Undergrad: 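Structure in structure tokens, see below.
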Amino acid sequence: MSDSNTTDFSNPSTFILLGIPGLEAAHIWISIPFCAMYVIAVLGNFTILLIVKMEPSFQGAMFYFLCMLAIADLVVCTSTLPKMLSIFWFNSREISFRACLTQMYFIYSFSTMESGILVAMAIDRYVAICHPLRYSTTLTNSVVAKIGLAVLLRSGIVTLPYPLLARRWPYCRTNIIPHFYCGHIAVVNLACADIRISSYYGLFNLFCVIGMDVFFIAMSYTLILRAIFRLPTKDARLKTFGTCISHLCAILLLYIPDFFSSLTQRFGQNVPPHLRVLIASMFLLVPPMLHPIIYGVRTKQIRDRLLQLFTHKET
């Protein structure tokens, strides 16, 4: 059924992305820092991948996991930023229904993959600090490959219901998405149906899947801290804890914006729409931009290799 104010369609051919609602007049200015963040994220993560590939000594589990994180970061930001910039620069707001669902799948799949990789990196830190003599025999190349495959399969499977559920709902209100990308809740909120299944599954994914990752990371660091406090000297404790700083920063960068963005999308009706969109953008852009910077600065091998590259170029 339809009236003069309602468009009746079960699956719209296109959606219209508004960008940042309420800040349309400032889109050009907002695009400048977003574009800069995207360029830094792409260059930084490709630099990490290039350095690990070029340096034969970077063949441990830590570097393999770091490469996985760099690839996931590249996919997450590339799934959203080009379309965002096309909205800001060329007012290209249309996105096909299938492309919207595909974008949704890639964003959430690789975001979940980032979380799984951080768990793997926590395991790497646990083995390196608590069982250093067994590190090379425990985290072999085959074990790392199996962990990477498990993370990939898990993220792909748990994310699949997002587009499948969104595809089954009838859309008869509007096809205008008040966002710059096809977020799960932003899309299903347009459906003229009971979308509690989609909402509940999103919360299940947030608290059970991502929450379980946070739990395993917390358990790993509980054991790590216990081992650190048993070290005989303060210098040894600080030096050992320093090897975990990069990973801890990556954890905070991913999970704090993720939880805050997910909760404000569902329960933050009193939060202005433009603020909810900006919070979501921080979750998608800041971790991919800062991860290579953090690991480049905090990881001595990568920092030394970068300095060698720049020194050779200058000479």
Side-chain angles (χ1 to χ4, degrees), residues 44 48 52 57-70 72-73 111-141 143-148 150-151 154-155 205-263 282-283 286-304:
I48 293 291
V52 174
S57 64
F58 293 176
Q59 300 297 320
M62 179 184 73
F63 295 105
Y64 293 141
F65 291 141
L66 186 56
C67 287
M68 294 178 198
L69 184 65
D73 282 339
S111 296
T112 305
M113 190 183 302
E114 285 180 320
S115 180
I117 293 168
L118 290 181
V119 175
M121 296 173 90
I123 295 172
D124 172 82
R125 291 298 84 207
Y126 164 73
V127 176
I129 293 173
C130 298
H131 304 285
L133 298 179
R134 290 189 287 173
Y135 181 83
S136 59
T137 57
T138 301
L139 292 176
T140 62
N141 289 346
V143 170
V144 171
K146 290 174 183 177
I147 292 174
V151 169
R154 187 197 69 154
S155 61
N205 192 32
L206 178 65
F207 289 107
C208 293
V209 179
I210 305 300
M212 187 179 299
D213 288 349
V214 173
F215 172 77
F216 283 127
I217 290 173
M219 288 297 296
S220 296
Y221 272 94
T222 300
L223 297 173
I224 288 171
L225 289 174
R226 190 172 68 176
I228 289 174
F229 286 130
R230 289 176 177 173
L231 294 175
T233 65
K234 182 179 179 181
D235 288 342
R237 289 193 291 268
L238 290 175
K239 183 177 180 180
T240 304
F241 184 74
T243 64
C244 302
I245 294 296
S246 301
H247 185 239
L248 289 172
C249 291
I251 292 168
L252 296 175
L253 282 173
L254 181 68
Y255 290 125
I256 292 177
D258 186 9
F259 276 92
F260 198 62
S261 174
S262 298
L263 294 176
M282 293 302 101
F283 158 62
V286 173
M289 178 188 69
L290 291 182
H291 283 163
I293 296 174
I294 291 170
Y295 279 100
V297 171
R298 294 295 309 177
T299 306
K300 184 178 185 301
Q301 298 97 316
I302 294 177
R303 185 174 66 247
D304 292 344

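Because the structure is predicted, anything quoted here is derived from the model rather than measured. Worth knowing before you read on, the calculation uses all heavy atoms, side chains too, and leaves out hydrogens, waters and symmetry mates.
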Undergrad: Decide yes or no for Phe241 and Leu225: does some side-chain heavy atom of the first lie under 4.5 Å from some side-chain heavy atom of the second?
TA: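 Counting from C-beta outward, Phe241 and Leu225 do come under 4.5 Å.
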Undergrad: Apply side-chain contact (heavy atoms from CB on, under 4.5 Å) to Ile147 and Phe65, showing your working.
TA: CA-CA 9 Å; Ile147 292 174; Phe65 291 141; 4.0 Å; yes
Undergrad: For Ile251 and Ile217, work out which heavy atoms get closest and say how close.
TA: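 Nearest heavy atoms, Ile251 then Ile217: CD1-CG2, 3.4 Å.
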Undergrad: Taking only residues at least two apart or on different chains, which pairs with a member in residues 211-236 satisfy side-chain hydrogen bond (donor to acceptor under 3.5 Å, both in side chains)?
TA: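 For residues 211-236: Ser115-Asp213, Arg154-Asp213, Tyr221-His247.
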Undergrad: CG of Asn141 to NZ of Lys146: how many Å apart, nearest 0.5 Å?
TA: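 So the CG of Asn141 and the NZ of Lys146 are separated by 12.0 Å.
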Undergrad: Locate the shortest heavy-atom distance separating Ile129 from Cys244; write the atom from each residue and the value.
TA: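 Heavy-atom minimum between the residues: CD1-SG, 3.4 Å.
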Undergrad: Which pair of heavy atoms, one from Ala70 and one from Ile48, lies closest together, and at what distance?
TA: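 Minimum heavy-atom separation between Ala70 and Ile48: CB-CG2, 4.5 Å.
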Undergrad: Output all residues satisfying side-chain contact (heavy atoms from CB on, under 4.5 Å) with Val214, sequence neighbours left out; order by chain, then residue number.
TA: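 Here the qualifying residues are Tyr255, Phe259.
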Undergrad: Taking ring pair (Phe, Tyr, Trp, His ring centres under 6.0 Å) as the definition, give me every residue that meets it alongside Tyr64, ordered by chain and number, with sequence neighbours left out.
TA: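 Tyr64 satisfies ring pair (Phe, Tyr, Trp, His ring centres under 6.0 Å) with no other residue.
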Undergrad: Hey, what do you get for CG (Leu254) to CG (Leu290), rounding to the nearest 0.5 Å?
TA: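 Rounded to the nearest 0.5 Å, the CG-CG separation comes out at 12.0 Å.
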Undergrad: Which atom names give the shortest non-hydrogen contact between Ala236 and Leu231, and what distance separates them?
TA: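 Here Ala236 and Leu231 meet closest at O-CD1, 3.6 Å.
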Undergrad: For a 4.5 angstrom cut-off between non-hydrogen side-chain atoms, does His131 reach Thr138?
TA: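 A side-chain contact under 4.5 Å is absent here.
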Undergrad: Could you check Val144 against Met68 for side-chain contact (heavy atoms from CB on, under 4.5 Å), going step by step and ending with a plain yes or no?
TA: CA-CA 11 Å; Val144 171; Met68 294 178 198; 3.9 Å; yes
Undergrad: Report yes if the side chains of Met121 and Leu69 come closer than 4.5 Å at any heavy-atom pair, otherwise no.
TA: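 Of all side-chain heavy-atom pairs linking Leu69 with Met121, at least one is under 4.5 Å.
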Undergrad: Show the nearest heavy-atom pair for residues Ile224 and Cys130, with the distance to one decimal.
TA: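 Heavy atoms of Ile224 and Cys130 come nearest at CA-SG, 4.1 Å.
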Undergrad: State whether the number of non-hydrogen atoms from other residues, nucleotides or ligands found under 6.0 Å of Tyr135 atom OH is greater than 12.
TA: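 Count over threshold, so yes.
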Undergrad: Quick check for you: to the nearest 0.5 Å, what is the distance between Asn205 atom CG and Ser155 atom OG?
TA: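 If I round to the nearest 0.5 Å, the distance is 10.0 Å.
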Undergrad: Any chance you could measure Leu139, atom CG, to Arg134, atom CZ, to the nearest 0.5 Å?
TA: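 Nearest 0.5 Å value for the CG-CZ distance: 11.0 Å.
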Undergrad: Rounded to the nearest 0.5 Å, what's the gap from CD1 on Ile117 to OG1 on Thr112? Could you check?
TA: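 Ile117 CD1 to Thr112 OG1: 11.0 Å, rounded to 0.5 Å.
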